[in-house]
Amino acid sequence: MNGTDSSARMRMLTEMVRIRRFEQRCVELYSATKIRGFMHLYIGEEAVATGALTPLTPEDAVVSTYREHGHALARGMPMAALMAEMFGKVTGCSRGRGGSMHLFDASRKFYGGNAIVGGGLPLAVGLALADSMRGRQAVTMCLFGDGAAAEGEFHETMNLAALWQLPVLFCCENNYYAMGTALERSHAETDLALRASSYGVRSWAVDGMDVQAVARATARAADMARTGSGPCFLEFRTYRFRAHSLYDPERYRDRAEVDRWKERDPIESLTRRMRDSGELSDEDLEKLEFGVESEIDRAVAEADSDEEEPVDDLERFVYADGK
Amino acid sequence: MNGTDSSARMRMLTEMVRIRRFEQRCVELYSATKIRGFMHLYIGEEAVATGALTPLTPEDAVVSTYREHGHALARGMPMAALMAEMFGKVTGCSRGRGGSMHLFDASRKFYGGNAIVGGGLPLAVGLALADSMRGRQAVTMCLFGDGAAAEGEFHETMNLAALWQLPVLFCCENNYYAMGTALERSHAETDLALRASSYGVRSWAVDGMDVQAVARATARAADMARTGSGPCFLEFRTYRFRAHSLYDPERYRDRAEVDRWKERDPIESLTRRMRDSGELSDEDLEKLEFGVESEIDRAVAEADSDEEEPVDDLERFVYADGK
Amino acid sequence: MRTSYREALRAAIREALLADDRTFLMGEDVGRYGGCFAVSLGLLEEFGEQRVRDTPLSESAFVGAGIGAAMAGMRPIVEIMTVNFSLLALDQIMNNAATLRHMSGGQIGVPLVIRMTTGGGRQLAAQHSHSLEGWYAHIPGLRVVAPATVADARGMLPTALEDPDPVLLFEHGGLYGTEDDLAEDAGAVDIDRAAIRRDGSDLTLIAYGGTVRTALQAADVLAGQGIAAEVIDLRTLRPLDERAFLDSVGRTHRAVIVDEGWRSGSLAAEIAARIGERALYELDAPVQRVCTAEVPLPYAKHLEDAALPSPERVVDAALKTVT
Amino acid sequence: MRTSYREALRAAIREALLADDRTFLMGEDVGRYGGCFAVSLGLLEEFGEQRVRDTPLSESAFVGAGIGAAMAGMRPIVEIMTVNFSLLALDQIMNNAATLRHMSGGQIGVPLVIRMTTGGGRQLAAQHSHSLEGWYAHIPGLRVVAPATVADARGMLPTALEDPDPVLLFEHGGLYGTEDDLAEDAGAVDIDRAAIRRDGSDLTLIAYGGTVRTALQAADVLAGQGIAAEVIDLRTLRPLDERAFLDSVGRTHRAVIVDEGWRSGSLAAEIAARIGERALYELDAPVQRVCTAEVPLPYAKHLEDAALPSPERVVDAALKTVT
Ligand SMILES: Cc1ncc(C[n+]2csc(CCOP(=O)(O)OP(=O)(O)O)c2C)c(N)n1
Ligand SMILES: Cc1ncc(C[n+]2csc(CCOP(=O)(O)OP(=O)(O)O)c2C)c(N)n1
Ligand SMILES: [Mg+2]
Ligand SMILES: [Mg+2]
């Protein structure tokens with residue numbers, strides 16, 4: 001085990017903890033009515049965002065969903081900008097207009113936050129098309145859920161990307177449910193990687209609870225896509241530990257099933273591995289947690305004291321300024 | 001070779017000739033401006049409609065496309081009703097409101113005639129769902145093109161029919177072009193039967209120029225679907241000998257390619273086979289042609305002298321009468 | 001009995017499922033989840049999977065399947081979770097449901113009810129806050145209804161299910177929790193006529209769905225200033241009960257239309273146009289429209305509030321007509 | 001130089017492809033087929049497959065891909081063959097193209113032009129005859145333009161491509177063959193202002209796209225009766241050049257709006273509403289609307305003619321305003 005691997009693990013552990021603690025704080029803030037609207041938590045799925053975003057470069061683009069706090073954080077969006085967004089403040093990454101479901105950061109090529117299931121898929125093809133036409137070596141990562149794969153847009157988009165051999169990484173976060181609808185009630189063929197391969201797209205199913213496996217698989221796929229061999233499909237098998245959104249009483253699944261998956265908690269697994277190999281001490285962990293808590297505290301404090309966008313700006317940006 | 005087979009062949013030959021001659025007459029009538037709007041001919045593809053519709057019972061339903069003269073005739077729609085429709089007369093199968101692309105015959109469960117590519121696919125699932133919920137042993141046949149298989153609705157519909165194990169016969173008329181777009185420019189995976197099987201739907205590719213092969217394959221699939229084993233997908237490999245519609249200058253394909261396919265003309269092939277086996281004499285053929293010509297003549301004469309719908313009825317049937 | 005809008009809708013669906021075995025409920029998460037807004041909670045358990053069908057995320061396919069099933073004699077209730085997602089099914093709604101009867105010359109009917117949640121005001125941001133019911137009211141062949149009261153939430157569905165043609169039923173997301181007394185024997189209500197929700201002789205406030213409440217609140221304020229506003233609840237947006245508002249304007253000579261749709265091309269425009277056409281000489285002041293600002297609705301509460309019709313904006317508009 | 005509307009559009013596309021290598025044309029059959037209506041004939045040969053891209057039948061995916069490419073700095077021209085098929089891409093148009101800039105707080109722009117054929121009058125029946133441009137004009141974030149003349153067919157596209165926001169360009173199917181003189185150096189035209197196509201002081205005819213011709217023909221007839229009608233071509237349907245028609249009505253005191261959309265909820269309603277709001281006291285007669293009958297357009301010519309706005313109907317409406 002070399003130093004690079006070890007530091008990569010440390011980075012990924014930190015990222016996962018950041019995401020987890022951020023989400024947990026969001027729940028409190030939602031109860032405190034600081035955050036409103038729909039909010040979808042990423043708890044349990046941290047290994048996917050953390051691992052998948054790791055191999056990307058700043059030139060690469062990301063298209064995400066409404067369950068995207070983790071994606072945004074892993075892409076490097078400052079936590080304060082994210083928190084301010086959820087507080088509806090003008091300092092938010094979308095000036096407070098988007099909220100939890102619409103995080104944007106053009107400077108990091110983070111193209112949102114899309115609340116229409118499947119709605120981001122065609123955008124990803126377009127972003128990749130632009131890269132390919134301009135001869136740029138970038139890839140576009142498109143994240144979406146198992147439920148989204150039932151939408152017509154999934155089909156059209158997979159076919160188009162494959163037909164035109166575009167550098168898209170289709171990253172399906174298969175958490176086995178679309179709201180309350182289990183995978184086997186959404187899909188006649190539940191092996192999504194197999195389905196994806198029927199478009200002639202190279203596809204893999206990956207353990208989405210293992211951040212290193214996610215990172216490795218994504219790096220390999222990104223290399224392929226980047227060097228002109230067309231799109232790849234990665235099915236990350238994962239699980240959300242919490243309800244679909246804060247309104248969901250979770251009638252559709254057993255406590256026992258959730259508990260079984262929690263045994264495979266991606267943060268606990270990696271922590272255990274790193275402790276066992278001696279890479280991670282109690283002290284390291286404490287420091288890590290402390291660092292994350294302070295970052296969150298700061299983000300919350302900032303968001304709380306930030307300004308709202310002036311109401312007079314309501315109609316600004318319907319069209320470009322100065323038109 | 002038994003008598004049943006022989007009479008079935010005779011029936012199918014007659015049907016194919018009926019369709020071919022009907023289409024040829026339509027071209028003349030279009031030039032004579034008796035028929036207007038968009039018109040899509042079935043010449044070259046007669047074996048598909050003829051063979052595929054053969055195993056259906058009156059209880060079964062049919063959902064079709066804008067290239068559906070052949071389907072309608074094979075389903076038993078009286079030629080006069082079809083011709084009157086294209087003449088825009090009130091005696092037409094849709095009172096002259098639909099024209100070439102919207103032939104309807106509820107009494108024969110012929111549910112149109114849809115000019116939105118792929119638009120009929122979900123309807124077929126619904127018709128089959130109704131049959132299945134009511135415990136009826138019927139199947140729904142849904143005809144569509146190779147181009148339609150690129151639409152999102154194809155994906156959604158295949159999945160839904162497979163998931164719910166509905167008695168749908170998906171009949172893809174693969175004539176290798178969607179207007180001017182060749183199969184390999186529409187689909188990353190050009191083996192459409194293979195793609196369809198990825199939904200867990202039993203799928204076959206069938207020689208669509210061989211009417212007997214089409215009839216056999218469809219009969220087998222219909223039996224399966226009828227007895228509750230879910231949807232089937234049949235890819236009929238065929239070719240249109242004429243332009244996409246009457247406006248198409250056919251810049252996108254070679255004369256030579258068309259000629260190669262014409263060597264496999266479904267009518268000539270069957271004729272040859274039946275002549276060789278002695279089932280068909282010159283006299284039979286003459287009689288057949290004569291019968292068809294007379295039928296067409298009668299249909300044209302009727303259509304020509306039929307009445308138009310009164311203009312006062314324009315708004316009738318936007319909603320049900322008497323509402 | 002104190003009943004919520006949500007409970008009234010549920011009672012209506014339940015009654016419909018009990019009354020007619022051709023009726024079934026189909027949509028995303030209507031079953032195990034109990035409905036995104038808990039409208040159908042408990043119905044799966046009572047009626048089983050055949051009658052309460054969870055669908056994959058395939059709006060076009062399951063709406064189209066509802067159309068097909070209706071064509072085959074069923075009386076489906078299709079739920080599109082929210083109007084925002086209905087755009088994915090718009091081809092099926094406009095080109096099939098609304099069109100089939102007329103285009104088939106009266107042969108094919110589509111007795112289908114599509115329910116969807118509509119409206120803003122819950123900080124759900126741009127992609128989850130559309131108010132498109134007025135926009136849908138543009139489409140011939142559809143009936144569009146919008147219950148604003150608990151009684152209408154209870155009574156409109158059974159009447160809609162009697163309709164031989166497709167009915168879109170828009171439930172305002174902000175109303176689910178509202179309560180009112182509902183008679184034990186409450187049942188079907190007419191869906192042809194608008195209703196006067198408050199009498200008044202000085203001006204007419206015309207509203208529907210979510211804005212009826214806004215208009216009533218404004219009327220209270222106006223009453224405090226000695227201005228008696230009549231409040232009309234349109235109830236059915238297509239076809240419009242023109243007589244109701246023309247008669248009222250004939251008495252009051254002033255009108256304010258309160259519409260949660262975007263202003264340009266709103267239903268309010270249609271109503272204003274009709275008043276101008278039929279009652280121009282009755283008007284003592286220009287008709288006023290209070291609509292949603294022409295922006296994608298923002299998440300931040302102060303911005304969203306500023307964008308939506310409010311009692312204050314209605315009062316201001318009303319005062320303009322009387323001074 | 002005598003130039004057809006079709007040739008003018010082609011020249012505009014060609015110029016755009018020559019002028020900016022970020023521009024490309026994408027859509028069904030724009031390449032090998034030469035465009036369904038031959039608009040792009042020869043462009044594939046001149047610019048190659050990268051710049052003139054035939055797409056599969058996947059409206060949602062290729063429209064969304066155009067949006068994505070625009071987000072990434074390209075200047076795509078997406079062709080949707082006809083407006084009838086655009087319903088399949090409406091989610092992408094409304095929830096992404098029109099929304100992204102505002103929702104992202106100004107970070108993301110979508111400089112995209114979508115061209116589509118619109119309109120009836122060619123006996124293409126209910127699913128191929130929609131006039132939905134006025135309906136699209138309801139959506140904030142879009143600009144909607146409708147060339148009615150050869151000069152506008154030549155000049156609107158370059159200006160639309162300069163726009164940092166999405167522009168829908170509606171080409172009326174009945175105009176492709178019309179010819180007019182076009183200056184050798186004809187080029188970009190403004191897309192902000194309406195135009196007066198004929199001066200007159202007795203009443204104002206307000207039209208756009210395909211109905212400008214109808215209005216001009218009606219004005220001829222009216223002139224023969226001593227009535228001088230001013231004809232306004234709106235040109236841009238969103239945002240409306242309100243001043244143009246309000247000023248005209250201020251001079252003539254009478255208005256007839258000619259709109260090929262269905263009457264209820266038409267753009268004509270919006271214009272009538274604005275006239276009523278801003279120029280009520282200028283009106284000497286109720287505003288008249290001449291729209292398409294509220295029916296799915298039928299195939300039969302006599303029925304279709306009866307449904308569409310005609311010079312006769314415009315004359316009748318005009319006479320109502322002056323007597
Ligand atoms: C087109 C559309 N339909 C329905 C919804 C409502 N909805 C939001 S999330 C969701 C489930 C999506 O499941 P999946 O794709 O598996 O993602 P997950 O939430 O599990 O991450 C649904 C049905 C929506 N937002 N968009
Ligand atoms: C949704 C939609 N997009 C585009 C069209 C225009 N169009 C009509 S037929 C056609 C080609 C369809 O090809 P295919 O499905 O292979 O059927 P074929 O015509 O070959 O029988 C196209 C593009 C349409 N009618 N509907
Ligand atoms: Mg999921
Ligand atoms: Mg084809």
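Below, read A as the first sequence line, B as the second, and so on, with proteins coming before strands; counting in each chain starts at 1. Keep in mind the model is a prediction, meaning the values are calculated, not measured.
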Looking at [options], which has the largest count of heavy-atom pairs under 4.5 Å with chain A?
options                     : value
D/M71, D/R22, D/R53, D/Q50  : D/R53
D/G105, D/P76, D/A72        : D/G105
D/M26, D/R143, D/E59, D/Q92 : D/Q92
D/G109, D/A70, D/A61        : D/A61

- request: Give the minimum heavy-atom separation between D/D54 and D/G31, together with the two atoms involved.
  value: OD1-N, 2.7 Å
Atom group of [X] that falls short of 4.5 Å from chain A, counting heavy atoms:
X      : answer
D/L88  : neither
D/D163 : side chain
D/T55  : both
D/M103 : both

Part of [X] lying under 4.5 Å from any heavy atom of chain D:
X      : value
A/L166 : neither
A/D131 : neither
A/R316 : backbone
A/I116 : side chain
A/D321 : neither

task: Give a yes or no on whether the ring-centroid distance for A/F170 and A/F154 is below 6.0 angstrom.
output: no
query: Taking the six-membered ring for Trp, are the ring centroids of A/Y66 and A/H40 within less than 6.0 Å of each other?
result: yes
message: With a strict 4.5 Å heavy-atom criterion, list every residue of residues 74-99 of chain A that contacts chain D, or say none.
response: A/C93, A/S94, A/R95, A/R97, A/G98
task: Ignoring hydrogens and angles, tell me if any N or O in the side chain of D/R51 forms a donor-acceptor pair with the backbone of D/G48 under 3.5 Å.
output: no
query: Do side-chain atoms of A/Y199 reach the backbone of A/T157 as a donor and acceptor pair under 3.5 angstrom?
result: no
message: I'd like to know which of A/V63, A/L163, A/L127 tops the heavy-atom pair count under 4.5 Å against chain D.
response: A/L127
- request: Look at A/D105, A/D313, A/N159, A/V125 and state which one has the largest set of heavy-atom pairs under 4.5 Å with chain D.
  value: A/D105
Within the 4.5 Å heavy-atom criterion, are [X] and [Y] side-chain neighbours or not?
X      : Y      : answer
D/T236 : D/Y208 : no
D/D21  : A/M133 : no
A/H102 : D/L100 : no
A/F22  : A/L73  : yes

query: So which of D/T99, D/N95, D/N96 actually passes side-chain contact (heavy atoms from CB on, under 4.5 Å) with A/N114?
result: D/N96
message: With side chain to side chain contact (heavy atoms under 4.5 Å, CB included) as the criterion, how do A/M224 and A/R202 come out once you've worked through the C-alpha distance, each side chain's angles and the decisive distance to 0.1 Å?
response: CA-CA 10 Å; A/M224 288 181 152; A/R202 264 178 316 265; 3.4 Å; yes
- request: Report the relative orientation of the aromatic rings in A/H71 and A/Y42; use parallel for angles under 30°, tilted for 30 to 60°, perpendicular for over 60°.
  value: perpendicular
- request: Decide side chain to side chain contact (heavy atoms under 4.5 Å, CB included) for D/L161 and D/D20; before the verdict, give the C-alpha distance in whole Å, the side-chain angles of both, and the deciding distance to 0.1 Å.
  value: CA-CA 10 Å; D/L161 282 166; D/D20 189 341; over 6 Å; no
